Peer 1: 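After the structure tokens below, expect a handful of questions from me.
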Amino acid sequence: MSTTFATWNVNSLRVRLEQVLAWLQEHQPDVLALQEIKMTDEIFPLETFTNLGYHVAVAGQPTYNGVAILSRTPLQDVVVGIPGYDDPQKRVLAATIADIRVICVYVPNGASVDSDKYGYKLQWFEKLLGYVKNTLAAYPHTIILGDYNIAPEDRDVHDPLAWQGQVLVSAKERAYFEALLALGLNDTFRVLAPEDNSYTWWDYRMNAFKRNLGLRIDHILATSAVMARAERCVIDKLPRTWERPSDHTPVILQLSA
DNA sequence: ATGCCGCCCGTAGGGCGA
């Protein structure tokens with residue numbers, strides 16, 4: 001008996017719905033956090049998931065961003081966004097599932113280090129730090145999972161030299177990711193499956209997946225209280241091999257009992 | 001490299017992602 005938490009940036013739930021359903025059927029996760037659903041709450045295929053026995057929380061918007069959490073058990077105390085931060089972009093969704101506070105995050109991409117979007121990413125992450133600090137004070141059992149758009153270390157990058165200083169790997173972004181861990185979180189993949197050159201995202205261009213030119217930017221972070229129950233963390237590369245895939249692939253954390 | 005690929009909106013081609 002185990003409990004599994006998964007995260008997947010699907011890059012449009014409209015396009016990827018059949019793949020998500022196939023993946024749910026195969027893996028039967030207890031919780032699946034979705035990013036970049038790219039749709040409003042109104043057109044979210046709610047009944048499709050409730051018919052499969054999932055409870056659902058959604059924070060959607062037209063065209064861009066959008067996050068959702070599917071759970072086999074009810075979602076309680078749902079919070080959309082970062083409290084006190086008036087951000088029109090729907091990137092954060094939290095809920096309590098059984099005894100665990102779960103936060104689904106879609107961190108801004110940042111475009112390039114000399115762009116306004118990079119400034120937004122850093123400012124946004126500062127707000128996330130405050131939110132996570134408050135959350136951890138209230139909930140010792142917390143999992144924060146999603147697309148962080150940060151590769152924490154060079155071993156999470158296929159070509160560290162080519163990527164040096166670029167967005168997704170820059171020193172400022174990595175320092176923010178470290179600050180997040182320093183609040184009391186563990187990078188579960190790094191703790192449980194510390195092999196190098198394991199990636200969660202591959203560019204659509206240049207045959208990047210076939211050549212394994214990827215980055216590890218999707219993460220499942222957990223407090224030490226959760227970590228005590230953690231047995232396994234894996235990246236499921238299979239959906240990235242499917243026809244018309246998302247450019248990201250799922251990450252799965254398995255807890256005992 | 002203002003490139004590559006894919007999705008969105010909308011029905012052409014620019015915005016955006018990473």
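Fair warning: this is a prediction, and the values are worked out from it, not measured in the lab. Letters A, B, ... mirror the listed sequences (proteins, then strands); counts begin at 1.
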Peer 1: More 5' along DNA chain B: A:L13 or A:N65, using each one's nearest nucleotide?
Peer 2: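 Whichever sits nearer the 5' end wins; that is A:L13.
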
Peer 1: Mind telling me whether A:H158 and A:W163 have parallel, tilted or perpendicular rings, with 30° and 60° as the class edges?
Peer 2: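 A:W163 vs A:H158 ring planes: perpendicular.
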
Peer 1: Distance from A:E153 atom CD to A:R174 atom CZ, nearest 0.5 Å?
Peer 2: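 These two atoms lie 7.5 Å from each other.
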
Peer 1: Look at the aromatic rings of A:W8 and A:W23 and report parallel, tilted or perpendicular, splitting at 30° and 60°.
Peer 2: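 Judged by the thresholds at 30° and 60°, the geometry between A:W8 and A:W23 is tilted.
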
Peer 1: Output yes when A:D187 and A:R216 qualify as a salt bridge under the 4.0 Å nitrogen-oxygen rule, no when they do not.
Peer 2: yes

Peer 1: Considering residues at least two apart in sequence or located in another chain, which fulfil the side chain to side chain donor-acceptor pair (under 3.5 Å) criterion with A:Y199?
Peer 2: A:N197

Peer 1: By side chain to side chain donor-acceptor pair (under 3.5 Å), which residues pair with A:D30, not counting sequence neighbours?
Peer 2: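 Here no residue qualifies.
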
Peer 1: Please classify the nucleic acid contact of A:Q166 as base, sugar-phosphate, or nothing, using heavy-atom distances under 4.0 Å.
Peer 2: nothing

Peer 1: Regarding A:Y106, tell me which of base, sugar-phosphate or nothing describes its non-hydrogen contacts under 4.0 Å with the strands shown.
Peer 2: sugar-phosphate

Peer 1: Assuming nearest nucleotide by heavy-atom distance, tell me which of A:M206 and A:V167 is located more 5' along DNA chain B.
Peer 2: A:M206

Peer 1: Write down the distance separating the P atoms in B:dA12 and B:dG3, rounded off to the nearest Å.
Peer 2: 23 Å

Peer 1: Under 4.0 Å from any heavy atom of chain A: name the first and the last nucleotide of DNA chain B that qualifies, 5' to 3'.
Peer 2: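 On DNA chain B, the outermost contacted nucleotides are B:dC4 to B:dA18.
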
Peer 1: Does this structure show an ion pair linking A:R211 with A:D159, if we count only N-O contacts that are shorter than 4.0 Å?
Peer 2: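 Judged by the 4.0 Å cut-off on N to carboxylate O distance, A:R211 and A:D159 do not form a salt bridge.
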
Peer 1: Enter the distance from A:F177:CZ to A:H219:NE2 here, rounded to the nearest 0.5 Å.
Peer 2: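 If I round to the nearest 0.5 Å, the distance is 4.5 Å.
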
Peer 1: When A:R101 is tested against each of A:T142, A:D77, A:T96 for side-chain hydrogen bond (donor to acceptor under 3.5 Å, both in side chains), which residue passes?
Peer 2: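 In the set A:T142, A:D77, A:T96, the residue that makes a side-chain hydrogen bond (donor to acceptor under 3.5 Å, both in side chains) with A:R101 is A:T96.
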
Peer 1: Taking side chain to side chain donor-acceptor pair (under 3.5 Å) as the definition, give me every residue that meets it alongside A:E126, ordered by chain and number, with sequence neighbours left out.
Peer 2: A:Y176

Peer 1: Mind checking A:D218 for me? I need base, sugar-phosphate or nothing, with any heavy atom below 4.0 Å counting as a touch.
Peer 2: nothing

Peer 1: Counting a pair only when it is Watson-Crick or G-U and both distances are under 3.5 Å, which runs of at least 3 such pairs involve DNA chain B?
Peer 2: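 Runs of three or more consecutive pairs: B:5-9 with B:13-17.
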
Peer 1: Determine the Euclidean distance between corresponding P atoms of B:dC4 and B:dG14; express it in Å to zero decimal places.
Peer 2: 12 Å

Peer 1: Within this structure, what is the CD1-CD distance for the pair A:I69 and A:Q35, rounded to the nearest 0.5 Å?
Peer 2: 9.5 Å

Peer 1: Short of 4.0 Å, heavy atom to strand atom, which residues of residues 233-242 of chain A count as contacting DNA chain B?
Peer 2: none

Peer 1: Please measure how far the P atom in B:dC16 lies from the corresponding atom in B:dG10, and state the result in whole Å.
Peer 2: 15 Å

Peer 1: With rounding to the closest Å, how many angstrom separate the P atoms on B:dG13 and B:dA18?
Peer 2: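 Rounded to whole Å, the distance is 26 Å.
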
